[in-house]
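As structure tokens, the structure follows; a few thoughts come after it.
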Amino acid sequence: MKYQATPLDRRFFERDPLTCARDLIGCELLWRGCGGLIVETEAYSAQSDEACHTFSRPSSRRFVEEHPPGSAYIYLNYGVHWLLNFLVKGGPEDGFVLIRALEPTRGTPGMCRRRKSNDLRLLCSGPGKLTQALGIDGSGHGVDFFQGNLLTLRAAIATPRIAQSPRIGISKATALPWRFFIKDNPHLSA
DNA sequence: ACACGGATACTA
DNA sequence: AGTATCCGTGTC
């Protein structure tokens, strides 16, 4: 697969969350010199999606109000793992896209060190694993990668085969098939 | 199968 | 203050 060097435009995130989640598959995510191809995402909608943080968290609704589309929404889950989302805003529906898995491409030595593993398939094959591999934590919450140089998203040229399934690990709205992934990719979470 | 662990938002 | 919940991972 070949990838162009041009970053994504902010308007990429001014569409509905499902379109953003699907189109992020195959894009390259870079963070401080480390990164990989996005192979698994999930969409969360701020409207009528009980699994979305905006449904139960006033602070999340405030985040949507106060940040531009494409901002990093990072939170600690189960008191253990940081999870990386991107804010979707300005289209028909607001929401988030959760980054669930990467295929490592850049800075793998650093990722191996932080993950304490040399198996590439264990570096970023899960939403908590990939933040640990990239060194992402709560200090990145609210980062606008269109402003700084911390975070870069590069568009995919080739269109990968994208499959769809229900989202993983949630207790509400479990039936919605809003998880997107490259079928049979060895770097998926589940 | 189960422990680990903290932010957030409730009840009072 | 105390309790319930939570978009997971590693090891048992």
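Lettering of chains follows the sequences in order, A, B, ..., and the numbering in each one begins at 1.
When only modelled atom types and interatomic distance are considered, Q47(A) and D94(A) share no side-chain donor-acceptor pair under 3.5 Å.
Summarising the base pairing, dC2(B) is matched to dG10(C) through a Watson-Crick or G-U wobble pair whose two defining distances lie under 3.5 Å.
In this structure, CG of L18(A) is placed 17 Å from P of dC7(C), rounded to the nearest angstrom. Atom CD in E50(A) sits about 11 Å away from atom P in dC6(C), given to the nearest Å. Per the geometry, CG belonging to L83(A) stands 7 Å off C1' belonging to dG8(C), to the nearest Å. We find that CD1 of I99(A) is positioned 14 Å from P of dG8(C), with the value rounded to whole Å. Counting to the nearest Å, the P atom of dC7(C) and the CD1 atom of I170(A) are 7 Å from each other. To the nearest angstrom, P of dC7(C) lies 20 Å from CG of L24(A). At whole-Å resolution of the value, OH in Y78(A) and P in dC4(B) are 16 Å apart. The nearest whole Å value for the distance from the CG atom in L176(A) to the P atom in dC7(C) is 14 Å.
For the contact set between residues 113-124 of chain A and DNA chain C, defined by any heavy atom under 4.0 Å, the members are R115(A). Residues from residues 51-69 of chain A with heavy atoms under 4.0 angstrom of DNA chain B, sorted by number: S56(A), R57(A), P58(A), S59(A).
Counting heavy atoms from C-beta on, the side chains of K89(A) and S71(A) never come closer than 4.5 Å. Residues T41(A) and L98(A) have side chains not in contact (no heavy-atom distance under 4.5 Å, counting atoms from C-beta outward).
Cation-pi check for R10(A) over F12(A) is not met; the charged atom does not lie both under 6.0 angstrom from the ring centroid and within 45 degrees of its normal. Annotation: cation-pi geometry satisfied between R167(A) and Y44(A) (NZ/CZ under 6.0 angstrom from ring centroid, within 45° of ring axis).
Only the C1' atoms considered, dG5(B) is 16 Å distant from dT3(C), to the nearest whole Å.
Under the 4.0 Å criterion applied to side-chain N and carboxylate O atoms, R179(A) and E40(A) are assigned as salt-bridge partners. With respect to the salt-bridge test (charged N to carboxylate O, under 4.0 angstrom), the residues K172(A) and D49(A) do not qualify.
The 5' end of DNA chain C is approached more closely, in terms of each residue's nearest nucleotide, by K172(A) than by the other of K172(A) and P127(A). Ranked by how close their nearest DNA chain C nucleotide is to the 5' end, S171(A) and H81(A) are led by S171(A).
Here the side chain of V80(A) is nearest to one of dC4(B), dC6(C), dG10(C), namely dC4(B).
Between Y75(A) and H53(A), the distance from one ring center to the other falls under 6.0 angstrom. Aromatic ring centres of F86(A) and Y73(A) lie farther apart than the 6.0 Å criterion allows.
Evaluation of Y44(A) against the base of dC7(C) yields a stacking contact (centre distance < 5.5 Å, interplanar angle < 30°).
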